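Keep in mind it's a predicted model, so treat the numbers as computed, not measured. Quick note: residue numbers are just sequence positions, from 1.
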Amino acid sequence: MTINISNTVNVTLLQSAALALVDNPNVVVIFTSQQDGPVNSADRYRVYSDAQSVAEDFGTNSATNGFAQAFFGTQPNATNAGGLLVIGYWRGASEAVAATAAKLTGAQLSEATTVAALQQVSDGTLDITIDSTEENLTALDFRSETTLDGIASVIDAALSGGSAAVVDQRIVITSDTTGATSTITLVTDPGSGTFIGETLALSGGGGAVATQGAASDTLAAETKVAAVTALRSEVKYRGFMFIDNPTDEESEALAAWAQANDALSYDVFDASANLSIDPANVVWAIKLAGYTNYRMLYSKAGNRKLAASYMARAHTANFRAENSALTMNLKQLAVAAEDYSQSEFSAAMNVGLDLYAITSKNVPRVFCSGANGFVDERYNLIAFVDFLQTDMFNLLSATGTKIPQTRRGIAQLVDQAEKTTRQFVRAGVFAPGTWSSPDYFGSREVFERNVFDNGFYWLAGSLADQSQASREARESPVIQGAVKLAGAVHSVDIIVNVNR
């Protein structure tokens, strides 16, 4: 026998851990209350990348399709920047829910592996109880089957109180009845023949899930906040709007939710009272509350599709690309622009409403009010925080050994923060410039020079000043950052000196 070289040289591979992905800032939602489409309380959303698919699912003449047309008619839109349009469900009225059947869903299978294993079986067996009746399946012959569908058909033919099919590479057994008396169990081994429950991942410990039937029911209408909360637990979206016009009370509730959940909500107002600086005006109230994530638009015609088109255009930045940051000011949308007087224009700008108006040059353009902040700043900063958090997490989790509580280790953390921030400088979110705030940290000279040269400055606290409790808790010293927003030019004053 030869002597293995590992006695002399032993090699260990330290593979990188799977990394977390940043949230996609261009996933946006249009909430519909349409109950004859594919979304409902049990299936909250559908994802789309083209207008035709929405028309096929919801109907050409539906309001949902009309809003989707405004979204996809906007160029570019979120789907052109790696994003998605999600049609989400809001239960605006009571909803009748049909009775459901009990269902046993197995874990996902490898078709090649599973078929190869069962092609050797001619005496397959399993026990399953459906609707309180035990079924003993025996002599299941899979020798001529070449697909998972074929395997499911053999089981289906042997069942008397249910059916078997393949869904998403899983074997699913469904009761023939519905309602509260529709029940099902995991499969068990009868103790004879060749038990196939483990091979098909339908038995205990294999990832199978038994869902019992439910009686028909009528669900009461829900609030809009309940709808956005329910969908957020399933989809991490960053922008949303409702086809149905929120009441003033709902607008304030949605504004508070959006601010707390780092999402941008788009809404359209149409009353002349919304142009007034008055605490009774919900637009002004939202502005005073500092709910900058609630993006408010104005349309005298009450055209809510304005929000769909505006949202589609706003969520189009690719922060990994150079000079990709944008402003919505003077952008063109896929809805009809409206005429506004100078007094209406000035009032909208003062109160915090963006307009889509016809200019004196007869071209339609968006005009942004900064009274409640600018949409691009909120969009950019939400994305930056997510990138920074994710990149720092990946540094900690992907390091094969550890980030030590030493100067070298803390320098690694600061270096990562600088790399992430530099990416947003490249995208045009931040830029070198003079720091105009009185706030600073560390050496003022070093602070201001870094911001002036780089557009940002990062500084870690002193390890020597860290408490023993923090060291024992394995905490990093606080890392502080400062960034200089690049801003955007929205208007120009021109002075011309004329000489004869």
Side-chain angles (χ1 to χ4, degrees), residues 13 15 17-18 38-47 53 57 97-217 233-235:
L13 291 177
Q15 294 183 320
V39 294
N40 50 54
S41 297
D43 194 358
R44 282 274 174 179
Y45 70 96
R46 287 286 188 275
V47 177
S53 298
D57 282 356
V97 179
T100 59
K103 184 183 298 184
L104 173 61
T105 304
Q108 276 196 321
L109 303 170
S110 165
E111 183 167 59
T113 302
T114 304
V115 170
L118 292 182
Q119 280 178 338
Q120 314 301 315
V121 177
S122 61
D123 61 342
T125 61
L126 63 83
D127 285 352
I128 184 170
T129 300
I130 303 176
D131 300 341
S132 302
T133 301
E134 186 178 67
E135 298 198 29
N136 310 110
L137 277 56
T138 60
L140 299 173
D141 190 348
F142 302 103
R143 289 175 296 178
S144 61
E145 304 305 327
T146 59
T147 64
L148 282 178
D149 287 323
I151 290 168
S153 68
V154 172
I155 299 171
D156 182 65
L159 288 168
S160 59
S163 60
V166 177
V167 179
D168 191 26
Q169 292 184 256
R170 306 169 192 267
I171 301 294
V172 178
I173 299 177
T174 306
S175 167
D176 289 340
T177 66
T178 60
T181 58
S182 179
T183 59
I184 201 165
T185 65
L186 300 178
V187 303
T188 57
D189 186 354
S192 60
T194 302
F195 178 53
I196 61 169
E198 292 180 351
T199 305
L200 296 178
L202 293 171
S203 57
V209 176
T211 305
Q212 308 310 319
S216 60
D217 195 8
S233 67
E234 300 182 44
V235 180

Trainee: How far apart are the C-alpha atoms of Thr211 and Thr105, what are their side-chain angles, what is the distance that settles it, and do they pass the side chain to side chain contact (heavy atoms under 4.5 Å, CB included) test?
Mentor: CA-CA 8 Å; Thr211 305; Thr105 304; 5.6 Å; no

Trainee: Output, in order, the C-alpha distance, side-chain angles, deciding distance and verdict of side chain to side chain contact (heavy atoms under 4.5 Å, CB included) for Ser163 and Ile173.
Mentor: CA-CA 6 Å; Ser163 60; Ile173 299 177; over 6 Å; no

Trainee: Do Leu118 and Leu200 pass the side chain to side chain contact (heavy atoms under 4.5 Å, CB included) test, and can you show the C-alpha distance, the side-chain angles, and the key distance before you say yes or no?
Mentor: CA-CA 9 Å; Leu118 292 182; Leu200 296 178; 3.7 Å; yes

Trainee: Applying side-chain contact (heavy atoms from CB on, under 4.5 Å), can you list everything that pairs with Ser53, at least two apart in sequence or on another chain?
Mentor: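 So Ser53 forms a side-chain contact (heavy atoms from CB on, under 4.5 Å) with Tyr48, Asp50.
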
Trainee: Output every pair passing salt bridge (Lys or Arg N to Asp or Glu O under 4.0 Å) with a member in residues 150-168, not counting sequence neighbours, ordered by first then second residue.
Mentor: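 Only Asp168-Arg170 qualify under salt bridge (Lys or Arg N to Asp or Glu O under 4.0 Å).
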
Trainee: Show your working on side chain to side chain contact (heavy atoms under 4.5 Å, CB included) between Thr185 and Ile128 and close with a plain yes or no.
Mentor: CA-CA 6 Å; Thr185 65; Ile128 184 170; 4.0 Å; yes

Trainee: Applying side-chain contact (heavy atoms from CB on, under 4.5 Å), can you list everything that pairs with Asp149, at least two apart in sequence or on another chain?
Mentor: Thr147, Val166

Trainee: Write down the atom of Thr183, the atom of Gln212, and the distance for their closest heavy-atom approach.
Mentor: CA-OE1, 3.0 Å

Trainee: Mind checking salt bridge (Lys or Arg N to Asp or Glu O under 4.0 Å) for Asp217 and listing every partner two or more places apart, or none if nothing turns up?
Mentor: none

Trainee: May I have the list of side-chain donor-acceptor pairs in residues 190-198 shorter than 3.5 Å, sequence neighbours left out?
Mentor:
residue, atom, partner, partner atom, Å
Thr194, OG1, Asp123, OD1, 2.8

Trainee: Could you state the interatomic distance from CG (Asp176) to OG (Ser182), rounded to the nearest 0.5 Å?
Mentor: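 Reported value, rounded in 0.5 Å steps: 9.0 Å.
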
Trainee: Can you name the side-chain contact (heavy atoms from CB on, under 4.5 Å) partners of Thr100, sequence neighbours left out?
Mentor: Ala214

